[in-house]
Engineer: 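I am attaching a structure below and will ask some questions about it afterwards.
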Number of protein chains: 2
Amino acid sequence: MGLEGNLVVGQSGGPTAVINASLAGVIAEAKAHPEIKGIYGAVNGVDGLLKEEMVDLRAETDETVSLLSQTPASALRTCRRKLTEADYERLLSIFRAHSVRYFVYIGGNDSADTTHQVGVLAKQSGYEMRVMGVPKTVDNDLAYMDHCPGYGSVARFNALAARDAGLDSIAMATSTHIKIIETMGRNTGWITASTALAREQPGDPPDLIYLPERPFDHDTFLSDVKHVLERGRGCTIAVCEGLRDADGNIVVESKTSVDTDAFGHRQLGGIGDYLARFLMDALDKKARADKAGTIQRVCGSAQSSVDVAEAKMAGAAAVRHACEGTSDQMVTLVRVNSSPYQCEMDLAPLSAVANSERPVPDEYISRAGNDVTPAFIEYALPLIGGPLPRYARLKMQRVPKLLP
Amino acid sequence: MGLEGNLVVGQSGGPTAVINASLAGVIAEAKAHPEIKGIYGAVNGVDGLLKEEMVDLRAETDETVSLLSQTPASALRTCRRKLTEADYERLLSIFRAHSVRYFVYIGGNDSADTTHQVGVLAKQSGYEMRVMGVPKTVDNDLAYMDHCPGYGSVARFNALAARDAGLDSIAMATSTHIKIIETMGRNTGWITASTALAREQPGDPPDLIYLPERPFDHDTFLSDVKHVLERGRGCTIAVCEGLRDADGNIVVESKTSVDTDAFGHRQLGGIGDYLARFLMDALDKKARADKAGTIQRVCGSAQSSVDVAEAKMAGAAAVRHACEGTSDQMVTLVRVNSSPYQCEMDLAPLSAVANSERPVPDEYISRAGNDVTPAFIEYALPLIGGPLPRYARLKMQRVPKLLP
């Protein structure tokens with residue numbers, strides 16, 4: 001009774017720790033629908049698809065498919081490619097030739113647009129097929145959903161890393177006074193904000209957190225840092241690679257053309273080192289920057305169990321809805337209960353998701369613009385999947401001094 | 001029968017993932033010796049000690065002491081301070097005033113020298129006390145031992161990070177062609193070499209590994225990278241922050257005075273970004289650098305179980321030997337069997353350890369100087385404590401092409 005044909009699944013944009021869990025969800029669900037014959041993986045997303053590069057996912061063992069959920073990065077490989085009209089035509093002819101009736105694309109808003117355009121062209125051409133998006137982005141900036149698969153794990157990594165680097169900082173505070181942790185985040189501060197989840201007690205690092213949702217001002221920054229340093233325990237600062245000044249210009253941005261991708265996004269990164277130098281010059285105190293870079297988005301050991309489960313559910317939901325006749329939609333994640341945390345899958349039009357972005361809302365940013373609020377912690381904590389491992393905390397009971 | 005008195009333990013130099021396990025070993029062993037009365041922790045090593053800043057470690061619960069082993073960084077805080085003659089005199093008067101008969105200092109070669117000098121002065125002054133060193137350094141460059149506590153965990157972190165970042169790189173190879181992983185390592189390449197432990201099959205990333213034991217040449221580097229890029233799967237490169245050119249000069253080094261510590265060591269770091277820019281200019285291909293920085297040395301989730309156990313044993317051995325009458329020695333780790341791996345604690349004079357450094361030997365570096373050898377893998381693999389978590393590896397069985 002269903003629409004008989006083959007399914008193509010692809011992965012797009014930056015890898016995450018759980019995009020393969022979504023792939024596992026797609027494969028498992030597809031196997032449960034007899035109308036789906038071949039289950040094909042697009043190699044390097046639409047980039048490989050245009051070269052007819054597909055792999056047979058039914059050839060993979062159950063064990064491999066199950067291991068996918070704990071395997072970070074993009075097993076099918078990925079791409080950042082903006083398609084031309086001719087590309088869309090070619091894509092459709094490939095789908096026709098291979099009897100592809102289901103196209104599931106796992107990605108962010110650029111990928112949602114690509115998927116939507118495929119659906120539009122298929123409809124115009126009278127080729128019956130169903131196109132679905134599965135959300136994926138460490139940036140957590142897709143609208144129409146509570147959060148995005150990939151975020152919980154990058155947040156867990158940054159919570160762990162900020163806690164460890166913060167302890168390192170306190171330990172070294174007599175020689176290295178300032179530690180800057182640079183996180184990813186092109187336009188939004190969701191990832192940077194997650195470093196706050198490192199704190200177990202008030203006063204724990206990070207001491208300052210700067211998001212691109214607030215204009216970055218060098219003088220205010222300097223005065224914030226001076227204030228923290230007065231406590232004598234050093235200063236641990238989390239900054240977003242995408243920080244902007246009052247005019248909206250990125251503070252540190254690569255100017256080379258090779259660093260600009262097909263969607264016009266510039267490669268960021270380097271603000272940590274830049275601000276470390278700025279503080280060293282201004283304060284004559286040693287500063288050091290850590291930039292985990294891509295390691296943060298694909299850290300297998302920092303996978304959030306909640307994130308893995310939801311990524312898998314999102315992949316499965318896309319296939320289930322497609323088999324029920326839905327098309328041109330992206331799966332969305334809706335928080336139906338906060339305590340205990342409960343999340344369900346829903347849908348939003350691909351075109352709507354494609355053209356929107358969700359910054360960190362005001363109520364999650366402290367008044368001074370150098371921290372997050374308790375409301376953010378409440379929002380983000382359930383997403384990282386269980387508490388961080390316990391650490392010792394010494395009482396540090398002083399031995400009375402005997403000498404002058 | 002034993003020498004009655006109090007014990008002071010301190011932590012020195014850069015934090016590691018297991019230096020607190022050594023502290024736990026010291027505390028547990030000290031509690032087992034009735035001649036040891038007070039167990040004091042020096043706050044910020046000799047820096048705090050000179051200000052008589054000590055904490056009572058007997059006030060800590062057994063649970064806290066046990067949790068120390070899984071807590072990275074330096075719980076007692078640390079320092080980088082070179083003592084003057086007057087400092088040593090002051091230290092001794094503090095030890096006398098507090099009836100300190102045992103001084104256990106956990107650190108690297110600078111700390112070994114400090115500990116040795118304390119011992120020399122005590123002897124000259126006719127004050128009976130025993131001074132012992134417990135080895136600690138992520139750099140793994142202390143002589144007279146097979147390896148150093150702290151190394152196994154930083155090696156595990158870099159193996160995990162290089163595997164994840166390498167998968168990210170392969171996934172992104174159509175848009176970001178080159179990934180550089182910058183690791184720590186002031187003068188030696190032990191840490192950088194550990195990225196090779198990421199490989200499960202021949203051809204797995206990292207593709208190129210550069211250690212400071214071989215002069216870095218820009219032309220050879222460029223030609224190495226070009227060669228790897230020809231395979232079409234991108235290029236993942238591990239580089240040491242301490243790379244030097246043919247004249248022995250550090251390729252990228254901070255020149256500011258605030259970046260030079262009391263021992264004259266300059267703050268390194270930045271070679272990853274530098275080489276990424278160099279390759280982008282030379283090849284017109286996108287390159288990106290990850291620099292985990294201090295995160296790599298204190299990553300709690302990457303603790304090696306072998307490293308934790310050995311760090312604890314080393315701390316305990318120092319106290320045991322001191323109680324037996326030994327002084328002026330550092331605990332050393334000796335590999336007594338390779339397969340199965342077996343390690344025992346031994347001793348070496350503090351002054352010997354203080355004045356030596358152990359680079360990566362020739363037999364661990366590939367002929368071309370851009371990789372490690374199987375002998376290195378055999379050496380390092382047991383130290384990271386068990387295999388890396390399993391990942392899925394797709395067969396990638398191609399679907400036959402149907403279109404021209």
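Convention: sequence-line order gives letters A, B, ...; per-chain numbering from 1. Owing to the predicted nature of the structure, the values given are computational and were not obtained by experimental measurement.
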Engineer: Can you name the nearest heavy-atom pair linking B/Arg58 to B/Asp56, along with the distance?
Structural biologist: N-OD1, 2.9 Å
Engineer: As an exercise: rank A/Met172, A/Glu53, A/Gln11 by heavy-atom pairs under 4.5 Å with chain B and give me the winner.
Structural biologist: A/Met172
Engineer: Heavy-atom pairs under 4.5 Å with chain B - which of A/Lys179, A/Arg277, A/Gln70, A/His98 has more of them than the others?
Structural biologist: A/His98
Engineer: Counting N and O atoms only, with roles assigned by atom type, does the side chain of B/Lys136 sit under 3.5 Å from a partner on the main chain of B/Thr16, one being a donor and the other an acceptor?
Structural biologist: no
Engineer: Check this for me, if you would: do B/Glu182 and A/Lys291 make a salt bridge, where the nitrogen-to-carboxylate-oxygen distance has to be below 4.0 angstrom?
Structural biologist: no
Engineer: Kindly write out the residues that satisfy side chain to side chain donor-acceptor pair (under 3.5 Å) with B/Arg297, not counting sequence neighbours, or none if the list is empty.
Structural biologist: A/Asp168
Engineer: Rounded to the nearest 0.5 Å, what separates atom CG in B/Leu57 from atom CD1 in B/Ile27?
Structural biologist: 4.5 Å
Engineer: Looking only at atom types and distance, does a side-chain atom of A/Thr71 sit under 3.5 Å from a main-chain N or O of B/Ala392, one as donor and one as acceptor?
Structural biologist: yes
Engineer: Using a cut-off of under 4.5 Å for heavy-atom pairs, which of B/Gly13, B/Cys299, B/Pro15 has the most such pairs with chain A?
Structural biologist: B/Pro15
Engineer: For the interface with chain B, which of A/Ala73, A/Ala24, A/Ala17 has the highest count of heavy-atom pairs at distances below 4.5 Å?
Structural biologist: A/Ala73
Engineer: Look up atom NZ in B/Lys286 and atom CG in B/Leu279, then write down how far apart they are to the nearest 0.5 Å.
Structural biologist: 14.5 Å
Engineer: Relative to chain B, which of A/Val298, A/Leu67, A/Asp290 shows the most heavy atom pairs under 4.5 Å?
Structural biologist: A/Asp290
Engineer: Which side-chain N or O atoms in residues 397-404 of chain B pair as donor and acceptor under 3.5 Å with protein atoms at least two apart or in another chain?
Structural biologist:
unit_1   : atom_1 : unit_2  : atom_2 : d
B/Lys401 : NZ     : A/Lys51 : O      : 3.0

Engineer: Specify the closest pair of heavy atoms between B/Pro206 and B/Ala162, including all atoms of both residues, with the distance to one decimal.
Structural biologist: CD-CB, 4.4 Å
Engineer: Heavy-atom cut-off 4.5 Å, strictly under: side chain, backbone, both or neither for A/Glu63 against chain B?
Structural biologist: side chain
Engineer: If every non-hydrogen atom of B/Asp164 is compared with every non-hydrogen atom of A/Gly300, which pair is closest and at what distance?
Structural biologist: OD2-N, 2.9 Å
Engineer: Specify which of B/Thr64, B/Asn20, B/Thr61, B/Val65 makes the most heavy-atom pairs with chain A at under 4.5 Å.
Structural biologist: B/Thr64
Engineer: Picking from A/Arg77, A/Glu52, A/Met54, which has the most non-hydrogen pairs under 4.5 angstrom with chain B?
Structural biologist: A/Glu52
Engineer: Kindly list each side-chain donor-acceptor pair under 3.5 angstrom involving residues 39-49 of chain A, sequence neighbours excluded, with atom names and distances?
Structural biologist:
unit_1  : atom_1 : unit_2  : atom_2 : d
A/Asn44 : ND2    : A/Thr78 : O      : 2.7
A/Asp47 : OD1    : A/Arg81 : NH1    : 2.6

Engineer: Using a heavy-atom distance cut-off of less than 4.5 Å, which residues of residues 384-391 of chain A contact chain B?
Structural biologist: A/Arg390, A/Tyr391
Engineer: With no hydrogens and no angle check, do the side chains of A/Ser301 and B/Ser301 hold a donor and an acceptor under 3.5 Å apart?
Structural biologist: no
Engineer: Check whether B/Ser93 gets within reach of chain A through its side chain, its backbone, both or neither, counting any heavy atom under 4.5 Å.
Structural biologist: both
Engineer: Using a 4.5 angstrom heavy-atom cutoff, name the option from B/Ser69, B/Ser169, B/Ala302, B/Ala292 with the most pairs to chain A.
Structural biologist: B/Ala292
Engineer: Does any heavy atom of chain A fall under 4.5 Å from the side chain of B/Leu167, the backbone, both, or neither of them?
Structural biologist: both
Engineer: Among A/Ser66, A/Cys79, A/Ala75, single out the residue with the greatest number of heavy-atom pairs under 4.5 Å to chain B.
Structural biologist: A/Ala75
